[in-house]
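Order of the sequence lines sets the chain letters (A, B, ...), proteins ahead of strands, with each chain counted from 1. Quantities reported herein were computed from a predicted structural model and do not represent experimental measurements.
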2 protein chains.
Amino acid sequence: MARTNRERTETTRLALIEAARALFVGQGYGDTSTPEIATAAGVTRGALYHHFVDKRDLFRQVLQREGEAVAADIEAVTPDRLSPREALLEGSRAYLDAMMVPGRTRLLLIDGPAVLGTAELQALDDATSARTLRQGLEQAGAGRGEVALDALAPLLAAAFDRAALAIDAGADAAETRAAMAWLLERTLKGANPDE
Amino acid sequence: MARTNRERTETTRLALIEAARALFVGQGYGDTSTPEIATAAGVTRGALYHHFVDKRDLFRQVLQREGEAVAADIEAVTPDRLSPREALLEGSRAYLDAMMVPGRTRLLLIDGPAVLGTAELQALDDATSARTLRQGLEQAGAGRGEVALDALAPLLAAAFDRAALAIDAGADAAETRAAMAWLLERTLKGANPDE
DNA sequence: TAACTTACAGACAGGCTGTATGTAAATGGC
DNA sequence: GCCATTTACATACAGCCTGTCTGTAAGTTA
């Protein structure tokens with residue numbers, strides 16, 4: 001079983017990231033130990049600390065993957081040919097769908113900000129879903145001339161996050177989605193889609 | 001200096017809670033140790049574990065106080081004689097003001113959910129600011145007949161939280177407050193204040 | 001005033017994090 | 001194709017932290 005170094009690295013890193021993800025989701029970051037993670041991944045702590053700076057770094061990489069997956073799901077349903085309004089609606093639905101993958105709300109919305117800090121999480125968000133929302137709102141002409149989009153967009157993003165959290169916590173999914181759609185519609189009301 | 005037991009207890013508990021608050025705010029829950037807290041409070045860990053079940057319990061009590069303070073500030077500016085709409089506007093402003101007390105956003109919005117879990121934090125919120133918002137929206141007739149208020153209210157609450165967080169993080173306070181007010185206004189548009 | 005309870009201090013037992021050291025396998029130059 | 005070097009790990013270690021247990025002085029109650 002001769003394996004190239006790159007293969008070994010890739011295998012080990014992936015095993016650690018997936019094992020860590022499962023444990024972080026199940027017990028939270030604070031209650032998950034590196035011995036646990038290493039054991040679950042089938043390696044020793046030596047391997048973990050060889051590939052990751054520390055426990056937080058491993059957590060960061062788990063979140064990176066998660067954020068990218070969400071962003072990919074959104075982009076998949078919002079091709080350029082859609083009108084801004086349609087793209088916004090479709091993207092919104094895709095976001096909530098994507099956040100239903102088990103553990104995502106906890107990782108990205110609960111433990112993430114606490115462990116990495118709001119600044120770093122914000123940066124991760126901006127690189128993925130938050131920016132597409134801001135762009136969508138801008139192109140749809142939301143709040144034009146009445147309110148600063150840079151201030152409004154994060155508020156709506158927070159509402160989306162909370163919607164995902166609520167559904168995850170057992171709230172009526174249909175009602176929650178409807179409420180979010182209603183809020184978005186109210187935001188867009190009176191905005192003309194193109195200049 | 002003969003002190004009654006009740007006095008001693010009260011003094012020690014308060015010292016621990018205030019010392020813990022300062023450290024939790026400054027370094028976060030995870031990076032704050034009980035030896036640090038005890039030293040800062042001028043007692044030993046023995047006292048801490050005598051008065052609190054564990055570190056989380058101490059954190060919970062810190063948050064309890066914090067939540068009550070926010071709720072008190074809101075109630076102070078929303079006497080019953082105000083119209084539902086006025087009360088909602090005043091309460092909103094008071095909420096954002098209250099959240100500007102240093103450390104509150106971190107305690108209540110970042111570390112709180114991660115350490116105590118969303119369920120417990122939700123309960124604390126419901127007992128304080130979240131319920132007044134829900135009542136305010138209901139009395140103002142928000143979304144009447146179009147959307148479930150139980151689903152809508154949390155989304156707006158989340159937007160408020162995010163507004164506080166953004167301002168705390170250095171965003172333009174006036175713009176952010178204006179955006180929040182705009183969102184609230186849009187939500188209320190078309191709702192007649194009384195049946 | 002004597003029995004009992006409360007408020008704490010100090011010691012102790014695991015467990016965890018990050019680092020340092022050692023080793024086998026892979027890689028790269030000659 | 002061989003040797004020097006780097007990479008990928010495993011193991012051992014030091015320091016800190018959490019929660020518990022034990023002991024003691026002060027306050028409370030009968």
Side-chain angles (χ1 to χ4, degrees), chain A residues 1-63 111-112 114-117 120, chain B residues 1-63 111-112 114-117 120:
Chain A
M1 51 190 312
R3 291 196 304 168
T4 172
N5 259 354
R6 183 167 294 279
E7 282 174 340
R8 297 212 311 173
T9 294
E10 200 127 344
T11 310
T12 303
R13 283 179 57 94
L14 194 67
L16 281 167
I17 287 181
E18 288 179 346
R21 200 208 108 106
L23 288 164
F24 288 151
V25 167
Q27 337 175 347
Y29 177 85
D31 290 340
T32 302
S33 68
T34 55
E36 260 179 312
I37 297 170
T39 301
V43 297
T44 66
R45 291 178 64 245
L48 192 160
Y49 279 92
H50 177 71
H51 290 289
F52 303 93
V53 172
D54 54 15
K55 192 179 156 191
R56 271 184 52 179
D57 184 41
L58 173 52
F59 182 73
R60 188 181 298 119
Q61 309 236 12
V62 169
L63 256 65
D111 283 5
V115 175
L116 301 180
E120 193 162 341
Chain B
M1 56 192 309
R3 291 195 305 168
T4 173
N5 259 355
R6 183 169 294 280
E7 282 174 341
R8 298 211 312 172
T9 293
E10 200 127 345
T11 310
T12 303
R13 285 179 55 94
L14 194 67
L16 281 166
I17 287 182
E18 288 179 347
R21 202 210 107 106
L23 288 164
F24 287 152
V25 167
Q27 336 174 346
Y29 177 84
D31 290 341
T32 301
S33 68
T34 54
E36 260 179 311
I37 297 170
T39 301
V43 297
T44 65
R45 293 178 63 245
L48 193 159
Y49 279 93
H50 177 70
H51 288 290
F52 303 93
V53 172
D54 53 17
K55 192 179 156 192
R56 271 184 52 177
D57 184 40
L58 173 52
F59 182 73
R60 187 181 299 119
Q61 309 234 12
V62 169
L63 256 65
D111 283 5
V115 175
L116 301 180
E120 193 162 341

Rounded distance (Å) that lies between atom [atom2] of [N] and atom [atom1] of [X]:
| X | N | atom1 | atom2 | result |
| --- | --- | --- | --- | --- |
| Phe52(B) | dT18(D) | CZ | C1' | 16 Å |
| Asp54(B) | dG19(D) | CG | P | 5 Å |
| Phe59(A) | dT17(C) | CZ | P | 14 Å |
| Lys55(B) | dG15(C) | NZ | C1' | 15 Å |
| Gln27(A) | dC16(C) | CD | P | 11 Å |
| Asp31(B) | dT18(D) | CG | C1' | 15 Å |
| Leu58(A) | dG18(C) | CG | P | 11 Å |
| Ile37(B) | dC17(D) | CD1 | C1' | 12 Å |

Thr4(A) side chain near dT27(C) phosphate (N/O to OP1/OP2, under 4.0 Å):
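Yes.
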Using a cut-off of 4.0 Å between protein heavy atoms and nucleotide atoms, how would you tag nucleotides 1-16 of chain D 5' to 3' with B, S and -?
------SBBBB-----
Mind checking salt bridge (charged side-chain N to carboxylate O under 4.0 Å, His left out) for Asp54(B) and listing every partner two or more places apart, or none if nothing turns up?
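Partners of Asp54(B) under the salt bridge (charged side-chain N to carboxylate O under 4.0 Å, His left out) test: none.
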My understanding is that only residues two or more places apart in sequence, or in another chain, count here; which of them pass ring pair (Phe, Tyr, Trp, His ring centres under 6.0 Å) with Phe59(B)?
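Listed in chain order: Phe24(B), Tyr29(B).
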Residue pair Phe52(B) / Arg60(B), side-chain heavy-atom distance below 4.5 Å:
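With C-beta onward as the side chain, the pair stays apart.
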Does any part of the side chain of Leu48(A), heavy atoms only, come nearer than 4.5 Å to the side chain of Val43(A), both counted from C-beta?
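No, their side chains stay 4.5 Å or more apart.
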Glu36(A), CD: over 12 other non-hydrogen atoms inside 6.0 angstrom
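It does: Glu36(A) CD has more than 12 such atoms within range.
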Looking for any heavy atom pair under 4.0 Å, which part of the strands does Thr11(A) touch: base, sugar-phosphate only, or nothing?
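Contact class for Thr11(A): none.
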Using a 3.5 Å distance criterion without hydrogens, assess whether the side chain of Glu7(B) forms a donor-acceptor pair with backbone atoms of Thr4(B).
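Answer holds: yes.
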